[in-house]
Amino acid sequence: MPTKHFLQLKDFSRADFEYLFERTRWIKDRFKRYEIYQPLRDRTLAMVFEKASTRTRVSFEAGINQLGGIAINLNRGDTQLSRGEPIEDVARVISRMVDGVMIRTFEQVIIERFAANSRVPVINGLTNEYHPCQILADVYTYIEHRGSMEGKTVAWIGDSNNVCSTWLQAASIFGFNVHVSTPPGYEVDPNRAGVGELNHMRSFPDPVDACRGADLVTTDVWTSMGFETESAERRRNFEHWRVDRAMMAAAKPDAVFMHCLPVHRGEEVEAEVIDGPQSVVGDEAENRLHVQKALLEYLVCGPISQ
Ligand code: CP
């Protein structure tokens, strides 16, 4: 059997996700009852961070520990990668010693080269192009709060970044629509998003129009990691793409608000929205832990019937 990796959302089928969500519910319920569940005893996860992280770092490290395994954290500068060691050599060596690898890095091609030379599963913990673990948690969180996403509408306001691209991949897998509103010059590139056809996407020049009738409104920072030199220009260009109460009022009355965090209150979203009653960002962040535990169990142990 070839080693299964999770490099972008479309690497998995809808059946894979349905299985993962079922396992997530089971694992989360046990966690909430303080019951020990350790299918990954004596297993090791290497975590390579070439960019900063709070949620991804803590959720993967806590997750593998709770499953009975241990994490080895390798920050930028800790490894010979920072001194030019080829990614292929690092992959061949690390994957002889551990049971899984989670990588947060820059271009998607880096993680693809790593995976092509890895004997063990590789998980994308964020690249410039995609953030599949985040959208795994987001879709699970929506289902927990409101049920199936089939036929629903997600309004994406702001930059067409890695999180937006991953929402677009999710739309074709789960059968929902994405209304996208970006400033001119920051539109979705279907190739970069990894979606051949944009059948599940509609573009709106006005962000309020994108939110009309939406079931879920979401956004992200105006300047993603790696694009810091563009910050001042982006602050000017994104000024009208701040999620505010008018946008939430245009959405359905039971719409939820999501943000992958970290947030800049007053930039991409008003404090009254992210800290308001429609916001589910706390559950969204916590669910990173639970979905990733199910993902680790699946990639390392294969399907489990319990
Ligand atoms: N949402 C997310 O990935 O958070 P971190 O950058 O803190 O890991």
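Everything quoted here is computed from the prediction, not taken from an experiment. Just so you know, ligand 1 is whichever comes first in the structure, and atom 1 is the first atom listed for that ligand.
Contact residues for ligand 1 (protein heavy atom closer than 4.0 angstrom to any ligand atom): S53, T54, R55, T56, R104, H131, Q134, C260, L261, R288.
Partners of D220 under the salt bridge (Lys or Arg N to Asp or Glu O under 4.0 Å) rule, at least two apart in sequence or in another chain, do not exist in this structure.
Ring geometry, W26 versus Y37: the interplanar angle exceeds 60°, so the pair is classed perpendicular (tilted spans 30 to 60°).
The residues K32 and D29 are annotated as not salt-bridged, no charged nitrogen and carboxylate oxygen being separated by less than 4.0 angstrom. With respect to E88 and R113, a salt bridge is recorded, a charged nitrogen being found less than 4.0 Å from a carboxylate O.
Judged by distance alone, the side chains of S165 and N162 never bring a donor and an acceptor atom under 3.5 Å apart. For E144 and N287, the side-chain atoms include at least one donor-acceptor pair closer than 3.5 Å.
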